[in-house]
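In this text the structure is predicted, and so the values were computed from the model without any measurement. When reading the values below, keep in mind they use all heavy atoms of this one structure, side chains included, and skip hydrogens, waters and symmetry mates.
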Amino acid sequence: MTSIGSDDRGWLRAMPAEAGRDALLSRAGHRVLAARRLSDLLQGRPPGVTGSQWTSASRTSFDFVVYAADTGRPVVAVQIGPVPSPGAAEQRVERLTDAVGAAAGLPVLRIGSPTLNAADHGRRLVEYVIDARAYAAGGSTAAGTEPAPVGFRDILGRLPDGRTGPVNDLGALTRAAAVEAYVAGQVADPIVRGLHVRWADGPAQGWSWVQVRPDACLIEQVSVTEHRFSCGIDAARLAEDLAAVAVGERLRENAVADLLSRAEWTAQIAALSQRRHELVGGFAFDHLCAD
């Protein structure tokens, strides 16, 4: 995997000398550090950023920072957790952080989820993104020379339940767990369903759900926001897979409250389909609009 964007990283601070000791993991030419503040990543206040903006944003902590081992430069800063409520102080700080990051050219990846968190899911996510980007970089070929290789997400192999399927589907364990839950009479349908979209002026979003009762669904939503960064796979598809991971967490913990009726969920999908003009690539899930 290679760093993205320009080589001009004048405002980004190189990896600290003690990174070899403090690194959470080393993988594919990268080192990953945990819990780094924005001020740890920048060499002072970038131009165009006011003192007030800097004071508010510089204390923001990222869950992980991926560095290129050869240059020591940050490849991406990662945050995982709930999306701030509109108008909340947390949303204001996030916007200020994004503004400062943009001024400095800092790549940022945000995963928004009420269920997923850095402690339990962060390391696997970071490893996955590093591997996906390495695969995408290695699979690049000159136009017209040979067919493009299968995408990272679609590589086939042996799944945990013994079947053959996409080995890089992060939701594979959830899909197997849903079948087990169905056999045990804990859910009404063994199929984990999903959809994903990418907003033209916003994040990628994915939903995943399972019918706990014939008339009620357990639903998880995840957003993926890439600032000056690419995950190596389609961000919307990644969001859907991560939503499936979140469904699996809920099933594993038997946290199946806050269900939504099938009729209401179908109505929400239909409402989403009416906003297809706001989406990159339109809406590909019209078959889900009929209950």
Take Leu272 and Trp207 through the test side chain to side chain contact (heavy atoms under 4.5 Å, CB included) and record every step on the way to the result. CA-CA 12 Å; Leu272 181 63; Trp207 291 261; 3.9 Å; yes
Just how far is it from atom [atom1] of [X] to atom [atom2] of [Y], taken to the nearest 0.5 Å?
X      : Y      : atom1 : atom2 : value
Asp70  : Met15  : CG    : CE    : 8.5 Å
Phe152 : Asn168 : CZ    : CG    : 3.5 Å
Arg213 : Ser261 : CZ    : OG    : 10.0 Å
Cys231 : Ile111 : SG    : CD1   : 6.0 Å
Tyr128 : Leu238 : OH    : CG    : 6.5 Å
Gln268 : Glu264 : CD    : CD    : 4.5 Å

[X] side chain to [Y] main-chain N or O, any donor-acceptor pair under 3.5 Å?
X      : Y      : value
Gln79  : Ser61  : yes
Arg133 : Ser230 : yes
Gln53  : Thr50  : yes
Gln43  : Gly10  : yes
Arg275 : Ala271 : no
Arg13  : Leu41  : no
Gln91  : Gly87  : yes

Do the ring planes of Trp265 and Trp209 sit parallel (below 30°), tilted (30 to 60°) or perpendicular (above 60°)?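 Correct class here is perpendicular.
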For Leu218 and Val187: C-alpha separation, side-chain torsions, deciding distance, then whether side chain to side chain contact (heavy atoms under 4.5 Å, CB included) applies. CA-CA 10 Å; Leu218 168 63; Val187 299; over 6 Å; no
Group every Ile, Leu, Val, Met, Phe, Trp and Tyr by side-chain heavy-atom contacts under 4.5 Å, then state whether [X] and [Y] land in the same group.
X      : Y      : answer
Tyr135 : Val66  : yes
Phe62  : Val93  : no
Leu96  : Val108 : no
Leu125 : Val222 : yes
Val167 : Leu242 : yes

Considering only NZ, NE, NH1 and NH2 on the basic side and carboxylate oxygens on the acidic side, decide whether Asp234 and Arg153 come within less than 4.0 Å.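 No, Asp234 and Arg153 are not salt-bridged.
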Ion pair present between Arg252 and Glu249, side-chain N to carboxylate O less than 4.0 angstrom?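 Between Glu249 and Arg252 there is a salt bridge, with a charged N closer than 4.0 Å to a carboxylate O.
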Measuring only between side-chain heavy atoms, which start at C-beta, is [X] closer than 4.5 Å to [Y]?
X      : Y      : result
Asp63  : Val78  : no
His30  : Val126 : no
Val83  : Pro203 : no
Val224 : Leu109 : yes
Glu94  : Thr225 : no
Pro114 : Glu220 : yes
Val32  : Arg27  : no

Heavy-atom pair with the smallest gap, counting every atom of [X] and [Y]:
X      : Y      : value
Thr174 : Val247 : CG2-CG1, 4.1 Å
Leu12  : Gly105 : CD1-O, 3.9 Å
Asp98  : Arg228 : O-NH2, 4.5 Å
Val129 : Phe229 : CG1-CZ, 3.7 Å
Gln211 : Cys217 : CG-SG, 3.8 Å
Arg250 : Ile219 : NH1-O, 4.0 Å

When you look at Leu279 and Trp199, which way does the side chain to side chain contact (heavy atoms under 4.5 Å, CB included) test go after all the steps? CA-CA 4 Å; Leu279 304 173; Trp199 298 96; 3.3 Å; yes
Run Asp286 and Arg276 through salt bridge (charged side-chain N to carboxylate O under 4.0 Å, His left out) and show every step you take. CA-CA 10 Å; Asp286 287 306; Arg276 67 186 71 225; 2.7 Å; yes
Is it true that atom [atom1] of [X] has more than 12 heavy atoms of other residues, nucleotides or ligands lying nearer than 6.0 Å?
X      : atom1 : value
Arg92  : CZ    : no
Arg37  : CZ    : no
Phe283 : CZ    : yes

List the residues meeting side-chain hydrogen bond (donor to acceptor under 3.5 Å, both in side chains) with Asn117, not counting sequence neighbours, and say none if there are none.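 Checked Asn117 against side-chain hydrogen bond (donor to acceptor under 3.5 Å, both in side chains); matches are Asp120.
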Test log, rule salt bridge (charged side-chain N to carboxylate O under 4.0 Å, His left out), inputs Arg237 and Asp154: CA-CA 11 Å; Arg237 201 169 182 195; Asp154 297 318; 2.8 Å; yes
For Val100 and Ser58: C-alpha separation, side-chain torsions, deciding distance, then whether side chain to side chain contact (heavy atoms under 4.5 Å, CB included) applies. CA-CA 8 Å; Val100 174; Ser58 62; over 6 Å; no
